[in-house]
Amino acid sequence: GEYFDGFTDYVKSNIDYIAEHGLIYSYLQHDFSHVWNTVKDPELSHVREIIAYALKKGVTILSYKESYINRLKRKGKKNGV
């Protein structure tokens, strides 16, 4: 919704930067902010828009658990494990 337009645009600019430079971006939305956000945007359209934009830019989306497991696997390969 329009309430989040400025925030969504800001996050998209971060996505553009990380996509162009092959970086990792950590986006976290706390449960409390999610509850509060449903008052202004009950469909969470701003979150959907951010995810869709990241996917369109070729950004891989992982949970923190998935990211951690991937890092452990890469570290193990470097150490010959």
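- A distance of 12.0 Å separates CG of L55 from CD1 of I50, quoted to the nearest 0.5 Å.
- Atom CG in N14 sits 11.5 Å away from atom CG in D9 (nearest 0.5 Å).
- Between the side chains of T8 and Y53, no donor-acceptor pair of N or O atoms lies under 3.5 Å.
- Residues V59 and Y25 have side chains not in contact (no heavy-atom distance under 4.5 Å, counting atoms from C-beta outward).
- Residues L62 and S67 come closest through the heavy atom pair CD1-CA, 4.0 Å.
- Rounding to the nearest 0.5 angstrom, the gap separating the CZ atom in R74 from the CD1 atom in I69 is 12.0 Å.
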request  = Decide side-chain contact (heavy atoms from CB on, under 4.5 Å) for R71 and I24; before the verdict, give the C-alpha distance in whole Å, the side-chain angles of both, and the deciding distance to 0.1 Å.
outcome  = CA-CA 12 Å; R71 287 173 165 223; I24 295 173; 3.4 Å; yes
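- Two residues are said to be in side-chain contact when any heavy atoms from C-beta on lie closer than 4.5 Å; Y68 and S63 fail this criterion.
- A donor-acceptor pair is defined here as one N or O able to donate and one able to accept, closer than 3.5 Å; no such pair exists between the side chain of E20 and the backbone of Y17.
- In this structure, I51 CD1 and H46 NE2 are separated by 9.5 Å, a value rounded to the nearest 0.5 Å.
- With respect to the salt-bridge test (charged N to carboxylate O, under 4.0 angstrom), the residues E49 and K12 qualify.
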